[in-house]
There are 2 protein chains.
Amino acid sequence: MTRKRNANRNAGAPTLADVARLAGMSEITVSRVVRNQGPIADATRTRVLAAISQLGYIPNRAAGSLASAASTLMTVLLPSLSNIVFPDVLRGIHTAITETGFQSVIGVTDYDPLIEERILLSFLAWQPAAVILAGLHHTPTARKHLEQGRFRVAELMDIDGDPVDIAVGMSHRQAGYETGRHLIERGYRRFGYAGHMLISDDRAKARYQGLCEALREAGLSLVGEMRVPGGGSTIAGRELLEKLLAAHPDLDVVIFPNDDMAMGGIFYCIHAGIVIKERLGIFGFNGLDIGQAMPLPLSTILSKRFLIGKTAAEKLLESRERPPEKTIINTGFDIIEGATA
Amino acid sequence: MTRKRNANRNAGAPTLADVARLAGMSEITVSRVVRNQGPIADATRTRVLAAISQLGYIPNRAAGSLASAASTLMTVLLPSLSNIVFPDVLRGIHTAITETGFQSVIGVTDYDPLIEERILLSFLAWQPAAVILAGLHHTPTARKHLEQGRFRVAELMDIDGDPVDIAVGMSHRQAGYETGRHLIERGYRRFGYAGHMLISDDRAKARYQGLCEALREAGLSLVGEMRVPGGGSTIAGRELLEKLLAAHPDLDVVIFPNDDMAMGGIFYCIHAGIVIKERLGIFGFNGLDIGQAMPLPLSTILSKRFLIGKTAAEKLLESRERPPEKTIINTGFDIIEGATA
DNA sequence: CTGTTAGCGCATTCAA
DNA sequence: TTGAATGCGCTAACAG
């Protein structure tokens with residue numbers, strides 16, 4: 001009685017061996033049919049497929065990964081899920097990997113490089129085929145693993161820096177700079193900034209710096225500036241603008257780090273009877289649909305989040321090998337004129 | 001030369017055997033330390049841990065899963081990522097599983113039971129410890145696998161039906177009904193509905209039916225009703241309300257299937273100079289933050305999406321076994337009075 | 001086009 | 001408290 005295989009734990013879940021027996025073929029042939037790999041005679045394939053569907057066979061990917069030292073998993077580490085921005089990126093990724101057989105394992109880092117490192121290491125245990133993360137800023141340990149691993153790496157959102165393999169995104173510094181230029185050209189001179197304190201949001205920081213640079217070049221500077229704790233919501237934007245204007249009543253334009261907060265600013269203006277654009281310009285970032293659906297469409301910058309996710313995943317799936325040289329893909333951004341600045 | 005182990009493919013990635021050799025212990029002892037399982041002498045643990053960190057050992061979970069016929073993966077199938085609702089659920093799930101060692105594999109079904117089935121089967125190949133999906137409505141094949149699998153199952157959002165193991169959510173039919181009652185009590189009589197055509201959005205359908213029931217009980221019925229193709233956005237809500245009012249100028253309240261569309265309705269009213277609440281009531285569903293940040297906070301129903309995700313994941317992690325009996329957890333909902341109805 | 005052999009890295013089972 | 005033997009289910013590398 002050496003019938004040990006499949007006699008105990010998996011309680012009936014059919015294996016390759018079961019399929020092979022039923023089809024009268026060897027295991028490896030069945031395996032080839034399942035993976036669509038190597039030459040298979042049509043008749044063979046048909047028989048195997050019939051056996052598979054008769055048994056309801058589902059391949060065991062743990063075994064497959066172990067044997068091949070590779071998986072079909074794509075590790076995705078996102079800073080947050082609260083803002084629609086990262087779900088949009090995720091949508092792009094899923095659009096690209098659907099039908100490819102790849103699957104995503106998601107981690108949320110809360111904008112913390114240490115959490116990112118911890119999650120990354122625990123996810124590497126699955127031998128992922130690719131790793132996607134946000135930003136170019138990681139702990140030294142994380143960076144080391146990213147550089148030495150047997151998987152491809154894409155860093156999203158930001159392109160101002162030195163990527164491991166592939167960076168897909170836009171220059172946030174430039175976006176901030178263009179925001180400044182755009183508003184100066186429209187005659188605004190007394191600039192305010194209503195931000196948040198997400199110290200690890202490198203992108204918001206880069207935009208802020210770009211903005212300041214544009215002002216400096218024009219002989220201007222921020223007249224007033226305030227920040228809320230945390231990540232910044234519509235409510236926060238609303239309350240913050242009230243405080244900012246109380247301290248600096250002479251501002252003629254206020255820039256927010258994102259559309260959510262900017263919409264809060266708009267709502268405050270409506271509430272307080274401030275004439276938007278003429279009396280006070282409002283400018284956001286992201287280009288959310290809802291901002292464009294408002295009676296006064298928000299003036300903002302469209303970041304191409306879906307495209308970033310989709311492009312990155314497609315690029316990663318192009319080859320199984322690590323790219324020989326680094327690639328930077330600039331998806332750019334669009335200034336949305338809007339009606340608020 | 002039979003030194004085959006680890007001589008080729010994994011190119012140096014240390015294994016249990018390497019750690020064991022360095023620590024001067026057997027593999028199984030190292031394994032026990034890694035998994036925090038079974039009795040280990042403190043001195044032993046210390047030595048093993050030192051060896052692990054010296055080598056930078058990362059356990060291979062494919063091997064672990066294969067050997068133990070179980071994984072630390074949690075399969076999550078969501079209908080969509082476009083609306084913040086499901087990312088909110090996902091946030092709740094991640095809040096519950098962070099620190100537990102469990103990891104989520106995400107699939108997006110696009111509200112299609114057939115896609116759900118396909119993704120489910122491909123994910124089962126990883127032998128997940130638990131499966132989370134939305135709604136109680138699945139294909140017969142999917143249902144069969146859910147019932148027979150060696151994993152726990154949670155069905156989210158909806159509780160009107162017969163769950164596989166655990167259902168966590170609210171009664172959408174009741175939410176629709178309460179919406180109707182609430183508005184009738186406030187004196188509204190000429191009801192309109194501005195919906196979408198997501199035929200597979202069972203929840204929206206249930207709310208619609210509950211609403212109609214409340215109207216019927218009061219001797220009323222929908223005066224006008226229109227639907228946009230697709231899932232319904234703020235823009236769509238705005239355009240749809242315009243059309244609906246053109247066809248039925250005498251409506252005194254309009255219900256939308258979600259806050260996004262309802263906000264579009266509000267924007268249309270502002271644009272068209274319609275006095276909200278007095279002349280036309282607007283009612284949504286979801287209780288999004290942004291709706292509450294508006295100058296006129298949206299009247300709506302707060303669905304507890306984060307709580308649903310968190311509760312479900314916690315419940316699933318309570319035990320490794322399938323529950324002996326079915327559980328339904330009603331997270332309820334709150335009517336938000338708002339200022340628009 | 002198909003099959004044989006030999007592990008992948010770990011956890012279970014039993015023994016000490 | 002620790003260890004030895006064995007196999008989880010699959011695939012790489014060859015051979016035929």
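So that the names make sense, note that chain A is the first sequence line, chain B the second, and so on, each numbered from 1.
Within the model, atoms CZ of Arg45(A) and CE of Met25(A) stand 11.5 Å from one another, a figure rounded to the nearest 0.5 Å.
Helix bend of the helix from dC1(C)-dG16(D) to dA16(C)-dT1(D): the angle between its two end axes, each built from five pairs, comes to 20° after rounding to 10°.
Whole-Å rounding puts the Asp18(A) CG to dC8(D) C1' distance at 13 Å. Atoms CG (Leu124(B)) and C1' (dG9(D)) sit 16 Å apart, rounded to a whole Å. The distance between atom CZ of Arg45(B) and atom C1' of dT2(D), rounded to the nearest whole Å, is 14 Å. Rounding to whole angstrom units, CD of residue Gln127(B) and C1' of dA11(C) are separated by 14 Å. What separates CZ of Arg150(B) from P of dG9(D) is a distance of 10 Å, to the nearest Å. In this structure, the CD atom of Gln37(B) is 9 Å from the P atom of dA11(C), given to the nearest Å. The distance between atom CZ of Arg21(B) and atom P of dG3(D), rounded to the nearest whole Å, is 14 Å. The separation between Asn36(A) atom CG and dT11(D) atom P is 13 Å, rounded to whole Å.
Salt bridge status for Arg322(A) with Asp165(A): present, with a side-chain N to carboxylate O gap under 4.0 Å.
In the displayed structure, Asp162(A) atom CG is contacted under 6.0 Å by more than 12 heavy atoms of other residues, nucleotides or ligands. More than 12 heavy atoms of other residues, nucleotides or ligands lie within 6.0 Å of NZ in Lys304(A), so this atom counts as buried by the packing criterion.
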Donor-acceptor list for residues 51-59 of chain B side chains, cut-off 3.5 Å, not counting sequence neighbours:
| unit_1 | atom_1 | unit_2 | atom_2 | d |
| --- | --- | --- | --- | --- |
| Ser53(B) | OG | Ala50(B) | O | 3.4 |

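Contacts classified as side-chain hydrogen bond (donor to acceptor under 3.5 Å, both in side chains) and involving residues 115-124 of chain B (residues at least two apart or in different chains) are given here: Gln103(A)-Ser122(B), Glu116(B)-His138(B), Glu117(B)-Thr139(B).
When the options Val153(A), Val164(A), Val131(A), Leu124(A) are evaluated for a side-chain contact (heavy atoms from CB on, under 4.5 Å) with His145(A), the one that passes is Leu124(A).
Contact annotation for Leu16(B): backbone-only contact, meaning every heavy-atom pair under 4.0 Å involves sugar-phosphate atoms and none involves a base.
Under 4.0 angstrom from either OP1 or OP2 of dC8(C) there lies no side-chain N or O belonging to Arg61(B). Regarding contacts with the backbone of dT2(C), a side-chain N or O of Thr44(A) is found under 4.0 angstrom from either OP1 or OP2. Between Arg35(B) and dG9(C) there is no side-chain polar atom (N or O) within less than 4.0 angstrom of OP1 or OP2.
Here dT12(C) is the nucleotide among dG7(C), dT12(C), dT2(C) with the atom lying nearest to any side-chain atom of Ser68(B). Counting only heavy atoms from C-beta on, Leu66(B) has its side chain closest to dG9(C) among dG7(C), dG9(C), dC10(C).
Under the rule for a side chain to side chain donor-acceptor pair (under 3.5 Å), Lys144(B) has no partner lying at least two apart in sequence or in another chain. Take Arg35(B) and apply the side-chain contact (heavy atoms from CB on, under 4.5 Å) test, not counting sequence neighbours, and it matches Ile28(B), Ser31(B), Arg32(B), Gln37(B).
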Write down the protein N/O and nucleotide N/O pairs, taken from nucleotides 3-5 of chain C, whose separation is under 3.5 Å; answer none if there are no such pairs.
| unit_1 | atom_1 | unit_2 | atom_2 | d |
| --- | --- | --- | --- | --- |
| dG3(C) | OP2 | Ser26(A) | N | 3.2 |
| dG3(C) | OP2 | Ser26(A) | OG | 3.0 |
| dG3(C) | OP2 | Thr29(A) | OG1 | 2.7 |
| dG3(C) | N7 | Arg32(A) | NH1 | 3.3 |
| dG3(C) | O6 | Arg32(A) | NH2 | 2.6 |

